[in-house]
Amino acid sequence: MTIDLSDKYKPFFKQFLAHIAPYEIVLYGGAMYSGKTRWLCADIIRRAIDYPGSQAAIIRRNMPSLKRSTLRTFLQLIDDRIIRRFNQQDMYIEFKNGSIVFFMEANEQKDPEFFKFGGVELSFLGIDEAQEVSEKALLALLPKLRHLPRGYKHREDLPPNFFRVNLTANPAPGWVKEKFVDNPVTENSIYIAATVFDHPYAPKGWLEKQKKIFGGNEVLWRRFILGDWSVVYDESAWLLFDPKWIEESLVDEDDEQEGDNDIWLGIDIARVRDKTVIAKMRGNRLIGFETYMNVRADDIINIIKRKINDDGVLPGHIAIDAIGIGASIIDMLEGEGYEVLRFFAGRKPLDTGEIREKLGAENEIEFANLRAQAFWMLSRSFQNGEIEIVKTIDELDFLKNELLAIKYKGERRIQIEDKEKIRSALGRSPDYLDAFVMAYFAKYLSNEIKSLVVL
Ligand SMILES: Nc1ncnc2c1ncn2[C@@H]1O[C@H](COP(=O)(O)OP(=O)(O)OP(=O)(O)O)[C@@H](O)[C@H]1O
Ligand SMILES: [Mg+2]
């Protein structure tokens with residue numbers, strides 16, 4: 001049976017090259033938005049159709065990002081003509097011809113030995129965003145490439161290069177670069193470079209918009225837009241937030257209006273002639289900002305009291321920047337019986353069981369101060385696909401621009417670049433991000449207080 005995918009997908013030239021490349025391992029890697037994921041999914045679908053009874057796995061570091069991004073692309077390419085069922089419980093898709101595609105996460109932090117892959121046998125393997133996955137995962141999976149499709153009894157009967165590994169990646173330091181990009185052709189592997197200019201269907205204005213978000217950072221531009229691997233060790237690319245994580249955190253809307261007990265606010269208080277910003281989260285989802293220009297301390301106090309009394313936000317869910325005017329605002333609120341949370345950037349980091357558990361294997365890391373810890377944890381939550389950002393937020397491009405301006409130093413002891421430097425790079429203060437970090441970190445602050453009360 002041959003079903004043409006062409007109404008859903010017509011590869012452009014680079015994608016075509018990557019499809020036909022006669023190698024066991026093909027890395028199609030480089031720029032963001034250059035059609036890599038679509039290539040990976042289409043390639044596996046094509047093979048699953050051509051070889052009834054074959055088995056494939058599509059892998060990413062985390063299930064949430066896999067579902068939000070890779071799987072969505074996959075589903076756009078198929079329909080009921082070829083699919084028997086999609087088992088969302090066990091995350092696999094069965095084709096009418098008996099082929100199966102499994103969707104799996106490969107997170108070394110959760111499953112260091114990749115026991116999860118124990119029983120699988122595969123014909124084809126796709127790892128999307130391979131730079132986020134450890135090399136160990138690929139090494140654990142390569143020997144699993146031994147599943148024969150229907151009608152084949154012996155490996156020797158299969159066509160050459162039947163077993164196939166498709167990798168996609170964005171430029172990043174690590175094994176993908178060392179193994180494949182730095183050795184672009186070997187006996188069994190090839191690296192094909194992806195750039196945005198290969199993509200004839202990219203929407204107009206996309207590049208212009210990216211330029212703004214990247215804020216004139218040449219190194220970032222080369223790395224993520226031009227797909228240039230040579231800059232990944234450049235210090236100015238030591239980003240705390242990968243642009244990909246930000247893109248993949250975006251959700252269409254705040255669909256759960258219930259769960260108001262899970263609302264968290266972070267409040268960045270105005271300095272001189274500055275703005276006050278309130279970030280609002282529902283659980284780990286950023287749902288909006290409010291901006292107030294030129295307001296005085298008592299206006300801010302009234303705004304906060306309204307949030308508590310009219311909107312029902314718990315005072316213990318509101319984190320306020322405790323430097324300068326913020327400190328006196330917190331004191332005044334406390335004087336009136338509102339026990340809000342104090343986010344004091346320069347204090348020592350929190351040391352709670354919750355934080356140690358959250359950091360997992362990274363719990364040995366030290367932080368220069370609370371600010372460094374809060375930023376680091378937010379970055380980890382982004383990487384793990386736990387953060388969601390509602391994409392209709394008006395200030396989204398400002399927030400992206402601020403996230404991409406944050407750099408860090410240190411491996412054992414993390415330090416975030418100081419605010420003055422960030423301010424001069426951005427040409428303004430990162431007010432939206434500061435409010436967001438506080439809203440995100442509020443629950444850890446509130447749990448610290450609870451754990452102290454229990455003691
Ligand atoms: N052959 C094609 N024909 C039409 N549209 C395409 C094609 N390939 C990719 N696209 C579209 O281009 C956009 C980017 O594709 P895709 O998500 O595959 O890129 P990517 O390189 O994986 O990006 P990212 O780095 O963000 O993961 C998507 O909207 C996708 O639908
Ligand atoms: Mg992709």
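Please read all numbers here as calculations on a predicted model, not as lab measurements. Count residues from 1 along the sequence. One-based numbering, in listed order, for ligands and for the atoms of each. Because only heavy atoms are used, hydrogens play no part in the values below, and waters and symmetry mates are left out as well, while side chains stay in.
Counting non-hydrogen atoms of neighbouring residues, nucleotides and ligands closer than 6.0 angstrom, the NZ atom of Lys280 reaches no more than 12 such neighbours.
Of the N or O atoms in Thr37, one or more lie within a sub-3.5 Å distance of an N or O in ligand 1. At a 3.5 angstrom cut-off on N or O pairs, Ser34 counts as close to ligand 1. Polar contact check, Tyr201 against ligand 1: no nitrogen or oxygen pair lies under 3.5 Å apart. The distance criterion of under 3.5 Å between nitrogen or oxygen atoms is not met by Pro11 with respect to ligand 1. Considering both main-chain and side-chain atoms, Tyr9 never comes within under 3.5 Å of ligand 1 through any nitrogen or oxygen pair.
Ligand-side atoms of ligand 1 in range of Glu129: 27 (O), range being under 4.0 angstrom from any heavy atom. Applying the 4.0 Å criterion to heavy atoms of Met32 picks out, from ligand 1, the atoms 25 (O). Atoms of ligand 1 found under 4.0 Å from any heavy atom of His199 (numbered from 1 in listed order, with element): 6 (C), 9 (C), 10 (N), 11 (C), 12 (O), 13 (C). Atoms of ligand 1 lying under 4.0 Å from at least one heavy atom of Gly35, given by number and element, are 9 (C), 15 (O), 16 (P), 18 (O), 19 (O), 20 (P), 21 (O).
A parallel orientation is assigned to the rings of Phe114 and Phe117, their planes being inclined by less than 30° (bins at 30° and 60°). Using cut-offs of 30° and 60° on the angle between ring planes, the pair Trp39 and His19 is tilted.
Using a cutoff of 4.0 Å between basic side-chain nitrogens and carboxylate oxygens, Arg81 and Asp7 are scored as salt-bridged. Using a cutoff of 4.0 Å between basic side-chain nitrogens and carboxylate oxygens, Arg380 and Glu386 are not scored as salt-bridged.
For atom 8 (N) of ligand 1, the nearest non-hydrogen atom of the protein is Gln15 NE2, 3.0 Å. Protein heavy atom at the shortest distance from atom 23 (O) of ligand 1 is Tyr33 N, 2.9 Å. Of all protein heavy atoms, the one lying nearest to atom 24 (P) of ligand 1 is Lys244 NZ, 3.2 Å. Counting only heavy atoms of the protein, atom 25 (O) of ligand 1 lies nearest to Lys36 NZ, 2.8 Å.
In this structure, the side chains of Phe162 and Arg155 stay at 4.5 Å or more apart for every pair of heavy atoms. Side-chain contact check for Leu404 versus Ile246: some heavy-atom pair is nearer than 4.5 Å. Looking at Leu239 and Phe224, their side chains come closer than 4.5 Å, going by heavy atoms from C-beta outward. A heavy-atom distance below 4.5 Å is found between the side chains of Pro159 and Tyr51. Side-chain contact check for Met32 versus Pro243: some heavy-atom pair is nearer than 4.5 Å. Residues Phe74 and Thr70 are not in side-chain contact: their nearest non-hydrogen atoms beyond the backbone lie 4.5 Å or more apart.
For Arg413, the side chain to side chain donor-acceptor pair (under 3.5 Å) test picks out no residue, with sequence neighbours left out.
The closest heavy-atom contact to atom 30 (C) of ligand 1, among the options Arg38, Lys14, Lys10, comes from Arg38.
Excluding waters, the protein N/O/S atoms found under 2.8 Å from the Mg ion (ligand 2) are Thr37 OG1.
Here the two rings, on Phe375 and Tyr408, have centers that are 6.0 Å apart or farther.
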